[in-house]
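Given the structure is predicted, the values throughout are model-derived calculations rather than measurements. Counting starts at 1 for both ligands and their atoms, following the listed order.
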Amino acid sequence: MDTKQTKKPFFYDVTLRDGNQALRKPWDLAQKEIVFRQLLKLGVQGVEVGFAGASQMDFKACRHLAKIAAEVAPRTVVSSLARAVDHDIEEAARSVKDAPCPRVHTFIALSPFTMENVLRKTPEEVRAKAIHAVSLAKEMLGPQGSVEFSAEHFGDCMDNLDFVIDVFRDVIAAGADTINLPNTVERYRPRLFVDMVSKVVEAVGDKATIAVHTHNDLGMATATTVESYFAGAAQMEVALNGLGERAGNTNFYEVAVALHNCGVETGLNLGEIYETALMVSELSGVSIYAKAPLIGAEAVVHRSGIHQDGASKTKNMKKGAYRPIDFSLIGRDDNDVLGFTSQSGRAAVAEIVNSCGYPISLSEASELQPVLKAISEREGELDAARVLEVFKDRFVNYTTRLCFISVNGLRDEQRFVFTYKVGDEKRERSISAEGPIEACTRLMKEEGFDVELVSYRQGVVGEGDSLWNGRALSEIVFRNGEKTVTGRGVHNDTLVANMKAVFGAVNMLFFRE
Ligand code: KIV
Ligand code: ZN
């Protein structure tokens, strides 16, 4: 693996600060405690618990969580954010001082654009503020505390990187233990950011821990953070469920699992991830997008025939053909879910029916697939219960079965010769009629099945030339008293499709348990 990284990753979670500040209703102390305890269960190495200088509520929450850490998490870094302003730094230091590993995380923007237009200060004035902030934080915390310095908008610092690295040297000399490189707004390419990270690692990586803190404005935060790790940044600043300002902070779970997949020992309890995600969604009121990697409802679902075939052939293997992980790794028990749609194949039919506890042969699955496909073209995705219902109609629920064998239409004489079975008895009968549906309906009446033809429809399954597409689909609705059923038949030969539909409908009407 091409990596400059020799250190283990240090997961530093910012949900309780960056995530919380972006919530419609920021968490109260009790809610913060629930999330904090869950972070400890996950095994994070550091937690930014709040922004003590911002409000009394946040100050109290920071103090409270620092005390909990003193009881149950002696090695976890507990940090409060602070602008490079004396009041913020003093409040931050006071709020976390009871934690066994307290930290003040102070920041100021170093990008030319922000220094000029937001701070309205010269670079040298900003440098002086940064050095003062770090010295004050170090002095307030004493030797057992650590100080993190962030160059806000680091991702916009490509034109003044030499100046920024010079400031880093100064703040390290003033006592900073960790240098954080935020992509405060994700605007460009991961590669550009990672190159800048590499330059910082080369310049000061032996004197301080290098951290990355990326936001997800363009959807590349995970990639940027993961690659920054391999470029030498050891501290990953991440948030549960990717909460955070705008499109959020780097997603905790994605980074953790990506590193794990690359063979990196994360030190985390990954099995807690799924439960955490559900809990955080509930507490934050931010629902989990169905397609969210790892934790979304759809992240385990396969719908196309090719994917379902691969998934079902590899479902008991550690590596799945179409899954990134064995989802039990993150505490999910729904690996490789197959949804049946018009794109699905017989492997899905077999898997779904089997998973409901019914044995089904591959040839039965092949027979059922086009029927389900036709239903799905109208109804959309079929859940397991619906698939099972159709399966049972066809293969299970009959005490005696009326079984179609063959039909010969003698066109000139308008006669149809049917061969079929009732129970075990094979029969043959010839019926005269205008067409096959009329002939077969009459046959059923002569056999004693009082059916009334309600409607009849003929079509084609799908379009194109795939294995099942282009076959005749026949749908017939029969009524007997109050009961109405729809029989369906699919076959290359329209006549056979018709007969399958009629026989199926009669079976449903008279022999369903
Ligand atoms: O995104 C950012 O730049 C921040 C800093 C305060 C670290 O959250
Ligand atoms: Zn941020």
Side-chain angles (χ1 to χ4, degrees), residues 10-23 26 46-55 58 62 77 79-85 87-89 91-92 95-96 103-115 117-119 126 129-130 133-134 137 146-158 160 164 167-168 171 176-188 190 193 196-197 200 208-222 224-225 228 233-252 255 284:
F10 184 95
F11 276 81
Y12 178 89
D13 186 274
V14 296
T15 314
L16 292 171
R17 196 278 296 170
D18 224 341
N20 186 55
Q21 76 191 41
L23 292 181
V47 184
E48 191 157 295
V49 289
F51 189 165
S55 69
D58 236 23
C62 293
V77 167
S79 165
S80 168
L81 187 71
R83 289 170 299 169
V85 168
H87 165 265
D88 280 14
I89 292 165
E91 290 290 271
S95 74
V96 295
R103 177 178 291 184
V104 169
H105 172 190
T106 186
F107 71 98
I108 193 161
L110 292 184
S111 77
F113 180 86
T114 309
M115 287 191 289
N117 298 295
V118 181
L119 300 180
V126 175
K129 278 179 88 62
V134 169
S146 58
V147 177
E148 173 170 340
F149 174 77
S150 279
E152 198 196 6
H153 290 289
F154 174 79
D156 289 350
C157 291
M158 48 279 270
N160 67 339
V164 171
V167 174
F168 290 158
V171 294
D177 308 274
T178 299
I179 296 294
N180 182 31
L181 312 177
N183 207 10
T184 305
V185 181
E186 182 174 64
R187 308 183 208 268
Y188 311 115
F193 186 87
M196 291 163 69
V197 173
V200 175
T209 299
I210 307 302
V212 285
H213 172 116
T214 68
H215 280 263
N216 201 30
D217 299 86
L218 303 182
M220 303 185 292
T222 298
T224 309
T225 290
S228 295
Q235 180 170 306
M236 320 278 93
E237 302 208 355
V238 291
L240 302 174
N241 295 28
L243 293 182
E245 294 283 3
R246 309 178 306 281
N249 281 70
T250 315
N251 186 298
F252 181 121
V255 173
S284 63

The side chain to side chain contact (heavy atoms under 4.5 Å, CB included) partner of Leu181 among Ile210, Val164, Thr214 is Ile210

Q. Mind checking whether Arg187 and Asp217 have side chains closer than 4.5 Å, heavy atoms only?
A. no

for atom 3 (O) of ligand 1, nearest protein heavy atom and its distance come out as Thr184 OG1, 2.6 Å

Here the atoms of ligand 1 under 4.0 Å from any heavy atom belonging to Pro182 are 2 (C), 3 (O)

Just checking: Asp18, one of its N/O/S atoms, less than 2.8 Å away from the Zn ion (ligand 2), yes or no? yes

Going by the 4.0 angstrom heavy-atom rule, the piece of Arg17 near ligand 1 is side chain

Glu152 heavy atoms within 4.0 Å reach ligand 1 at atoms 3 (O)

Rounded to the nearest 0.5 angstrom, the CE-NZ distance for Met115 and Lys129 is 13.5 Å

Could you check whether any side-chain N or O of Glu152 sits under 3.5 Å from a backbone N or O of Phe107, counting only pairs where one atom can act as donor and the other as acceptor?
no

Counting from 1 in the order shown, the ligand 1 atoms closer than 4.0 Å to a non-hydrogen atom of His105 are 7 (C)

Can a donor-acceptor pair be found, under 3.5 Å and without considering hydrogens, that links the side chain of Glu48 to the backbone of Tyr12? no

Ligand 1 to His215, heavy atom cutoff 4.0 Å, flagged ligand atoms 1 (O)

Hey, is the main chain of Leu243 close enough, under 3.5 Å, to the side chain of Asn241 for a donor-acceptor pair? no

Test side-chain contact (heavy atoms from CB on, under 4.5 Å) on Asp18 and Glu245; report intermediate values, then the result. CA-CA 7 Å; Asp18 224 341; Glu245 294 283 3; 3.9 Å; yes

Nearest non-hydrogen protein atom to atom 4 (C) of ligand 1, with distance, is His213 NE2, 3.5 Å

Closest heavy-atom pair, Ser150 versus Asn180, reported as atoms and distance to 0.1 Å, is OG-ND2, 2.8 Å

The answer for which part of Asp18 has a heavy atom under 4.0 Å from ligand 1 is side chain

Angle subtended at the Zn ion (ligand 2) by His215 NE2 and His213 NE2, to the nearest 10 degrees, is 100°

For Ser150, the ligand 1 atoms with a heavy-atom partner under 4.0 Å come out as 7 (C)

Any heavy atom of Glu245 under 4.0 Å from ligand 1? The part involved is neither

